[in-house]
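Source: prediction; values computed, not measured.
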Amino acid sequence: MVSTIRPSWGYRVFQGVNGVILTLVVLITLYPFVNIVARSFSGEKEIRAGDVTLWPKGLNLTTYEIVFNDSMFWRNYGNTVFYTVVSTAVAMVLTTCYAYVLSKHRLRGRGALVGIAVFTMFFTGGLIPNYVLITSLGLKNSVWAIALPNAISVFNLLVMKAFFESLPSELEEAAQIDGLSTYGILLRIVLPLSKAVVATMVLFYSVSFWNSWFSAFLYMDRTELMPVTVYLRNLLAGATAGTGAGATTENLTQVNANIQAVTIVLTSLPILCVYPFVQRYFVSGVMLGAVKG
């Protein structure tokens, strides 16, 4: 006979209070996002009057039409996808290799390598030296100007290092006995066991590169090479062909009213669509790489 233990009255009250508090936190967190989406579809008068809350008022698609009808927007959007994929791939290869090396306590000079990485968290070369370096290397107007300077995030590096250190060393020793090389152990043993932290790092890097605009703004000279974040930044400033060529005078008022909301929606939507598929790896990846027990 299986006996069931009923939760105490105090525990049920605790669960109820927790449920109410967490529900309020979720609602408070979601409100700004819902409001932004509503503003992006609302009319200029309703926005300026402050009547838009959770539902669009005075439905108006002027800004979306101007943006979507501009061929440069789609070209820049494609650039963003390309830059994000390439930069994330480069960042993951370099971060994974560096973290795996740092996870080996027997490595000579390991402390110096860790110190070099941590040093870059607090000190950088500066904007002008970086610009001179990228220019002298001939990386301007290429994806490498975006990918290489931001290839390794020290925070991500340390998280992956801690995760690799938590893996049993006996697995690698057994693989060495079976004749696997260092790269074979990394590719066939370590990485298959590290799907959670790898997915988390991919999410971190992809979001960072997707939202990045300053590197492209600094190192790209031609409009057709810009990512969509720079396009929308220029649109927000009222200085792109999207507003100049596609918008009439009476439409400019509407565009100025909800361009900020449209910009946020267009840049956030792809990441919001991808995030649910990697969410289950997110918590476990960070916790396994950062918590020892």
Side-chain angles (χ1 to χ4, degrees), residues 71-102 112-161 182-183 186-187 191 194 197-237 239-241 263 266-268 270-271 274 278:
S71 59
M72 187 58 67
F73 167 78
W74 296 109
R75 183 163 187 172
N76 292 158
Y77 219 101
N79 291 341
T80 297
V81 175
F82 176 71
Y83 295 158
T84 300
V85 172
V86 173
S87 300
T88 301
V90 171
M92 286 303 302
V93 171
L94 295 180
T95 303
T96 301
C97 294
Y98 199 177
Y100 183 67
V101 168
L102 295 182
L113 293 176
V114 174
I116 291 173
V118 174
F119 180 83
T120 62
M121 294 181 68
F122 306 100
F123 302 96
T124 62
L127 181 61
I128 295 177
N130 283 335
Y131 182 84
V132 173
L133 176 63
I134 295 299
T135 303
S136 61
L137 292 175
L139 301 179
K140 285 189 64 177
N141 294 317
S142 71
V143 64
W144 308 117
I146 299 175
L148 295 183
N150 305 302
I152 297 180
S153 167
V154 180
F155 172 79
N156 296 345
L157 174 68
L158 296 179
V159 170
M160 291 196 75
K161 166 184 167 294
T182 301
Y183 293 106
L186 175 61
L187 296 176
L191 289 183
S194 308
V197 72
V198 169
T200 303
M201 295 302 106
V202 169
L203 176 64
F204 282 173
Y205 276 122
S206 60
V207 170
S208 175
F209 286 118
W210 181 273
N211 292 329
S212 176
W213 67 273
F214 187 70
S215 296
F217 182 75
L218 190 63
Y219 301 126
M220 302 292 184
D221 294 334
R222 301 199 296 270
T223 305
E224 64 271 15
L225 297 177
M226 297 292 185
V228 72
T229 47
V230 176
Y231 173 93
L232 295 173
R233 179 260 177 195
N234 292 337
L235 186 62
L236 186 62
T240 72
T263 299
L266 292 178
T267 53
S268 302
I271 297 299
V274 172
V278 295

Would you call [X] and [Y] a side-chain contact if the rule is heavy atoms closer than 4.5 Å?
| X | Y | answer |
| --- | --- | --- |
| Leu191 | Leu186 | yes |
| Val86 | Trp144 | yes |
| Pro149 | Asn130 | no |
| Phe73 | Leu266 | yes |
| Val154 | Thr120 | yes |
| Met160 | Thr96 | yes |
| Phe214 | Leu127 | yes |
| Met220 | Ile146 | yes |

For [X] and [Y], indicate whether the former's side chain and the latter's backbone hold a donor-acceptor pair under 3.5 Å.
| X | Y | result |
| --- | --- | --- |
| Tyr98 | Leu113 | yes |
| Thr95 | Met92 | no |
| Ser212 | Ser208 | no |
| Thr88 | Val85 | no |
| Asn76 | Thr223 | yes |

Shortest non-hydrogen separation from [X] to [Y] and the atoms involved:
| X | Y | result |
| --- | --- | --- |
| Asn150 | Tyr205 | O-CE2, 4.3 Å |
| Val230 | Ala216 | CG2-CB, 4.1 Å |
| Thr267 | Trp210 | O-NE1, 2.8 Å |
| Ser87 | Val143 | OG-CG2, 4.4 Å |
| Asn79 | Pro227 | CB-CA, 4.3 Å |
| Arg222 | Asn141 | N-OD1, 3.9 Å |

Item to check | All side chain to side chain donor-acceptor pair (under 3.5 Å) counterparts of Tyr83, not counting sequence neighbours | outcome: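 For Tyr83 there are no side chain to side chain donor-acceptor pair (under 3.5 Å) partners, ignoring immediate neighbours.
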Next on the checklist: Tell me which one of Val114, Leu102, Leu94 satisfies side-chain contact (heavy atoms from CB on, under 4.5 Å) with Leu157.
Outcome noted: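 Output: one option passes, namely Leu102.
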Item to check | Pairwise distance CZ(Arg75) to OG1(Thr80) - rounded to 0.5 angstrom | outcome: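 Answer rounded to 0.5 Å: 13.0 Å.
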Checklist entry - What distance do Ile134 atom CD1 and Ser142 atom OG have between them, rounded to the nearest 0.5 Å? => result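 Ile134 atom CD1 to Ser142 atom OG measures 8.0 Å (nearest 0.5 Å).
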Next on the checklist: Classify the ring geometry of Tyr131 against Tyr219: parallel below 30°, tilted from 30° to 60°, perpendicular beyond 60°.
Outcome noted: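 Tyr131 vs Tyr219 ring planes: parallel.
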